[in-house]
Engineer: 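I have a structure I would like to understand better, so I am pasting it below and will then ask my questions one at a time.
Just the heavy atoms: all of them, side chains too, but no hydrogens, waters or symmetry mates, feed the values below. Order of the sequence lines fixes the chain letters, A, B, ..., with proteins taken first and strands second; residue numbering starts at 1 for each chain.
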Amino acid sequence: MDKYEQVIELAKRRGFLWNSFELYGGSRGFYDYGPLGSTLKRRIEQIWREFYVIQEGHMEIECPTIGIEDVFVASGHVGGFSDPLCECKKCGEAFRADHLVENVMDAAGTLNAEQLTQVIKEKGITCPECGGEFNDAYEFNLMFKTTIGPGTGRQGYLRPETAQGMFVDFQRLSRFYREKLPFGAVQIGKSYRNEIAPRQGVIRLREFTQAECEIFTDPRDKSHPNFERFADKELTLYSQEGQEKGESVRMTVREAVEKGVIAHEFLGYNLALTNEFLTKIGIDPARLRFRQHLKDEMAHYAIDCWDAEIEMDRFGWVETVGIADRTDYDLNAHAKVSKTELYVYVEYDEPKMVTRFTVKPNMGKLGPIFKGKAKAVSEALKQLSEAELNQTEIKVTVDGEEVTVSSDMVEFAEETVKVSGEAVVPHVIEPSYGIDRIFYGVMEHAFEEAHILAMNEPVDGNIDGTAYYPTEDGNYGKTPIPADEQPSEYETRVVMHFSSRVAPVQVAVLPLLTREQLIDPAKKIEEKLREKGLLVTYDDSGTIGRRYRRNDEIGTPFAVTVDYETLQNDTVTVRRRDLMDQRRYPIEGIENMLYDLIYRDKPFESMGEPVKQ
RNA sequence: GCGUUGAUGGUCUAGUGGCUAUGACUUGGGCCUUCCAAGCCCAAAACCCGGGUUCGAAUCCCGGUCGGCGCACCA
């Protein structure tokens with residue numbers, strides 16, 4: 001059993017992840033988040049909001065998950081998100097149909113599947129692998145299609161990314177932020193891609209959760225106002241150059257920007273922010289790196305693009321966040337299709353005097369003569385140079401027809417005007433998170449199968465040669481222990497080392513024994529903790545040891561146990577998951593104490609009295 | 001989509017053309033028990049779905065679904 005299997009098995013058994021539609025046999029590419037999974041995911045998303053919405057100030061919006069066709073025509077998904085595929089009848093290999101006919105004709109990319117099939121048949125193109133014949137070509141678009149309204153309705157698509165919503169709302173957002181760059185907006189929600197063959201559990205889904213942030217920046221100034229915050233932060237960078245050598249380097253953000261490894265401050269800042277977020281929710285920094293897209297894999301419009309990759313046991317380095325400078329590509333694309341200019345008017349520090357040549361067609365005269373064509377004629381006139389206009393009879397071409405305009409119908413002059421600013425199409429910096437993959441990364445990095453000494457011995461080591469000790473920040477650390485000191489007899493303890501900020505259960509309240517005298521105070525403590533807003537469970541089934549292990553397995557960081565001493569002096573023990581050590585605290589104020597442990601990074605050792613084992 | 005391989009309680013698993021389908025763990029109830037999956041009693045719980053062959057199919061055959069792996073795909 002590899003780690004993936006172990007984690008997925010636990011996830012299924014304990015209510016983190018379930019296959020969707022299991023009752024009916026299931027369907028590939030869909031997963032349910034169970035009670036604990038759902039909570040864990042929400043908590044990850046909530047921390048993401050704290051980062052991007054609260055700290056960075058990029059407000060959250062919510063757009064429909066269904067989009068109308070125009071949106072995806074503009075974004076390129078209707079045309080570009082599908083490929084004509086063609087399969088060999090003999091060996092089953094699938095090929096891009098347009099690539100197959102490329103050598104025998106021009107503009108293969110413009111043909112549809114039907115035309116491609118015909119060309120393949122006519123030219124007798126066979127499988128390059130085995131020489132077999134091809135099936136008919138078919139379009140495979142990765143977007144889910146749907147119909148809006150009754151009857152044939154209007155063509156719609158389930159969104160393949162949340163980003164387009166922010167682009168489509170650009171004008172509204174720009175006004176909301178009082179037209180001052182940079183500004184940003186985020187969206188957390190479901191996106192849909194009809195993957196050909198989804199696999200690898202939650203790594204590739206047909207319905208998945210994205211958290212995307214679009215920051216609209218001034219293309220002329222990509223310095224970051226808050227750059228110093230992360231300038232000296234070291235990141236693991238796997239740059240284009242590094243990938244050639246096959247090695248990543250540790251480098252500060254400042255150094256990387258100065259050396260041109262990272263294109264500019266704005267991207268550098270966002271890489272560091274992503275690093276901060278991922279490590280905060282429990283991704284192991286040693287299994288996290290930033291990989292730069294190679295020149296040929298980068299979208300043609302992007303200036304620079306980095307993926308945050310998380311190392312996973314079975315899948316290797318998995319892309320979980322993409323951080324790209326998408327330039328003005330998306331806004332221009334939507335401007336073109338919607339026929340609406342999308343820009344921000346940026347005022348100069350001081351107005352400039354600009355001399356320019358202006359043409360003013362006299363519509364009062366053009367109208368009666370050219371009627372319906374008048375508009376087109378006037379547009380054509382505006383394109384002419386001074387020399388061309390300086391004729392008694394001006395010739396322009398409209399709809400392929402040459403027309404003559406007399407000089408009294410148009411005025412032109414060079415004039416000097418005051419210009420106080422200019423229209424700027426912002427460049428978009430986009431950090432785009434795949435929440436489901438991150439969720440699995442958190443699960444796997446939290447997972448540990450520790451081997452502990454049998455029977456009542458506290459953990460001192462596990463079989464793969466590590467021992468546990470408390471670190472200064474109140475977590476646990478590992479240190480290698482020599483092979484001859486490792487225990488020979490052990491039992492297995494499965495622990496999810498979730499950060500207490502994301503753990504779906506934060507405190508377990510346990511009466512030592514199933515006795516009424518212990519149950520009553522335990523229930524009262526449970527209620528107190530709930531009022532404080534902590535995620536708490538009460539459990540009195542089975543022996544205390546069994547309950548500790550059950551909670552270890554779902555990653556509950558703290559367990560409060562009511563024992564007989566509680567009845568004498570109103571104190572309880574609090575057990576720390578990672579080290580299985582306990583300290584005794586008064587019941588009075590325990591809710592605040594636990595809150596501080598969970599949310600304020602108070603060290604466990606700083607409170608109460610240790611309990612002798 | 002192609003090829004390949006698998007599918008038995010919640011989990012892991014034994015098993016065979018034939019009688020009431022193993023076992024462990026888990027779970028629920030109880031007894032006992034003063035802190036790390038202890039013990040005892042009781043209980044609940046499964047042959048992926050649809051066809052076919054057969055007196056009889058969980059087992060053999062075909063198709064489907066789902067999972068693993070390889071190929072292709074992953075703007």
Engineer: Pull out every residue in residues 21-39 of chain A that has a heavy atom closer than 4.0 Å to any atom of RNA chain B, ordered by number, or say none.
Structural biologist: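 Of all residues in residues 21-39 of chain A, the ones placing a heavy atom under 4.0 Å from RNA chain B are A:G25, A:G26, A:S27, A:R28.
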
Engineer: When you get a sec, tell me which of B:G28, B:A37, B:U34 is the closest nucleotide to the side chain of A:R549?
Structural biologist: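 For A:R549, the side-chain atoms sit closest to B:A37.
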
Engineer: Using the P atom as the reference point in each nucleotide, state the distance between B:C19 and B:A58 in Å, no decimals.
Structural biologist: 12 Å

Engineer: Requiring both pairing distances under 3.5 angstrom, list the stems that contain RNA chain B and are made of three or more consecutive Watson-Crick or G-U pairs.
Structural biologist: B:1-7 with B:65-71, B:10-12 with B:23-25, B:27-31 with B:39-43, B:48-52 with B:60-64

Engineer: To the nearest Å, how far apart are A:I8 CD1 and B:C66 C1'?
Structural biologist: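 Distance check: A:I8 CD1 to B:C66 C1' gives 15 Å.
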
Engineer: Can you tell me the distance, in whole Å, between the CG atom of A:D436 and the P atom of B:C74?
Structural biologist: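 Rounded to whole Å, this separation is 21 Å.
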
Engineer: Among B:C73, B:G29, B:C36, which nucleotide sits nearest the side chain of A:R204?
Structural biologist: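 The answer is B:C73, which lies nearest to the side chain.
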
Engineer: Can you see whether A:R493 engages A:Y548 through a side-chain donor-acceptor pair at a distance of less than 3.5 angstrom?
Structural biologist: no

Engineer: What is the separation between atom CG on A:L513 and atom P on B:A38, rounded to the nearest whole Å?
Structural biologist: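 Interatomic distance, CG of A:L513 to P of B:A38: 14 Å.
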
Engineer: Among B:U11, B:G68, B:C35, which nucleotide has an atom closest to any side-chain atom of A:E9?
Structural biologist: B:U11

Engineer: CD of A:E212 versus C1' of B:A75: gap in Å, rounded?
Structural biologist: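 Whole-Å distance recorded here is 13 Å.
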
Engineer: How long is the line joining CD1 of A:I544 and C1' of B:A37, in whole Å?
Structural biologist: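 A:I544 atom CD1 is separated from B:A37 atom C1' by 12 Å.
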
Engineer: Between A:Y157 and A:Y192, is the ring centroid distance below 6.0 Å?
Structural biologist: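 Distance test on ring centres: not under 6.0 Å, no.
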
Engineer: With a non-hydrogen cut-off below 4.0 angstrom, is A:Q200 in contact with a base, only sugar-phosphate, or nothing?
Structural biologist: sugar-phosphate

Engineer: Verify the distance criterion only: is there a donor paired with an acceptor across the side chains of A:S541 and A:R550 at less than 3.5 Å?
Structural biologist: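 There is such a pair between these side chains.
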
Engineer: Would you say B:A38 has OP1 or OP2 under 4.0 Å from some side-chain N or O of A:T543?
Structural biologist: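 So the side chain of A:T543 is within the cut-off, an N or O lying under 4.0 Å from OP1 or OP2 of B:A38.
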
Engineer: If only atom types and distance count, is the side chain of A:T566 paired as donor or acceptor with the main-chain N or O of A:T571 below 3.5 Å?
Structural biologist: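 Yes.
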
Engineer: Any donor-acceptor pair under 3.5 Å joining the side chain of A:N19 to the base of B:C66?
Structural biologist: no

Engineer: What nucleic acid atoms does A:S75 come within less than 4.0 Å of, heavy atoms only: base, sugar-phosphate, or nothing?
Structural biologist: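 The residue A:S75 makes no contact with any strand.
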
Engineer: To the nearest angstrom, how far is A:E553 atom CD from B:U27 atom C1'?
Structural biologist: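 Nearest whole value for this atom pair: 13 Å.
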
Engineer: When the C1' atoms of B:G9 and B:A44 are considered, how many whole Å apart are they?
Structural biologist: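 Each nucleotide's C1' atom is 10 Å from the other's.
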
Engineer: For A:G201 and A:V572, take the nucleotide of RNA chain B holding the closest heavy atom to each; which residue's nucleotide lies nearer the 5' end?
Structural biologist: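 Whichever sits nearer the 5' end wins; that is A:V572.
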
Engineer: On a heavy-atom basis, which atom in A:K12 and which in A:W18 lie closest, and how many Å separate them?
Structural biologist: O-NE1, 3.0 Å

Engineer: Mark yes or no for a side-chain to base donor-acceptor pair under 3.5 Å between A:R546 and B:A37, with no hydrogen or angle criteria applied.
Structural biologist: no

Engineer: When rounded to the nearest Å, what value does the distance between P atoms of B:U8 and B:C49 take?
Structural biologist: 11 Å

Engineer: Rounding to an integer number of Å, can you tell me how far A:L510 CG sits from B:A37 C1'?
Structural biologist: 14 Å

Engineer: What's the verdict on side-chain contact (heavy atoms from CB on, under 4.5 Å) for A:T320 and A:I283, showing C-alpha distance, side-chain angles and the deciding distance?
Structural biologist: CA-CA 11 Å; A:T320 56; A:I283 295 300; over 6 Å; no

Engineer: With the side chain of A:Y548 defined as its heavy atoms from C-beta on, choose the nearest nucleotide among B:U33, B:C35, B:G68.
Structural biologist: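 Looking only at heavy atoms from C-beta outward on A:Y548, the closest nucleotide is B:C35.
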
Engineer: Of all the choices, B:C35, B:G10, B:A75, which nucleotide is nearest to the side chain of A:H77 once you look at every atom?
Structural biologist: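 Nearest nucleotide to the side chain: B:A75.
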
Engineer: Within the 3.5 Å criterion, strictly below it, is a donor on A:R291 or A:Q243 matched to an acceptor on the partner's side chain?
Structural biologist: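 The criterion, which ignores hydrogens and geometry beyond distance, is satisfied for A:Q243 and A:R291.
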
Engineer: Any donor-acceptor pair under 3.5 Å joining the side chain of A:R550 to the base of B:C36?
Structural biologist: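 Side chain to base: no pair present.
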
Engineer: In whole Å, measure the gap between the C1' atoms of B:G18 and B:U54 for me.
Structural biologist: 12 Å

Engineer: Starting from P on B:G1, measure out to CZ on A:R206 and report it in whole angstrom.
Structural biologist: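 Distance check: A:R206 CZ to B:G1 P gives 9 Å.
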
Engineer: Counting distance only, does the side-chain N/O of A:S20 pair as donor-acceptor with the main-chain N or O of A:D32 below 3.5 Å?
Structural biologist: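 Yes.
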
Engineer: Looking only at atom C1', what distance separates B:C12 and B:A7, rounded to whole Å?
Structural biologist: 14 Å

Engineer: Side-chain donor-acceptor pair under 3.5 Å between A:R159 and A:Q187, yes or no?
Structural biologist: yes

Engineer: Write down the distance separating the C1' atoms in B:U13 and B:A46, rounded off to the nearest Å.
Structural biologist: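 Roughly 12 Å separates the two C1' atoms.
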
Engineer: Please give the distance between the C1' atoms of B:A45 and B:G28 as a whole number of Å.
Structural biologist: 11 Å

Engineer: Decide yes or no on side-chain contact (heavy atoms from CB on, under 4.5 Å) for A:F170 and A:E214, but give the supporting numbers first.
Structural biologist: CA-CA 10 Å; A:F170 170 77; A:E214 310 298 327; over 6 Å; no

Engineer: What about A:E195: does its side chain form a donor-acceptor pair under 3.5 Å with the base of B:C73?
Structural biologist: no

Engineer: Where each residue is assigned the nucleotide of RNA chain B containing its nearest heavy atom, which of A:D552 and A:Y4 is assigned the position nearer the 5′ end?
Structural biologist: A:D552

Engineer: Any donor-acceptor pair under 3.5 Å linking the side-chain atoms of A:T561 with those of A:D563?
Structural biologist: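 No pair is found: no donor N or O on one side chain lies under 3.5 Å from an acceptor on the other.
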
Engineer: Going through the distances and angles, do A:E609 and A:R584 end up as a salt bridge (charged side-chain N to carboxylate O under 4.0 Å, His left out)?
Structural biologist: CA-CA 5 Å; A:E609 296 297 325; A:R584 188 168 279 281; over 6 Å; no

Engineer: Take atom P in B:C42 and the same atom in B:U53, then report the distance between them in whole Å.
Structural biologist: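 Result for the P pair: 46 Å, nearest Å.
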
Engineer: Check this one for me: any side-chain N or O of A:R515 less than 4.0 Å away from OP1 or OP2 of B:U34?
Structural biologist: no

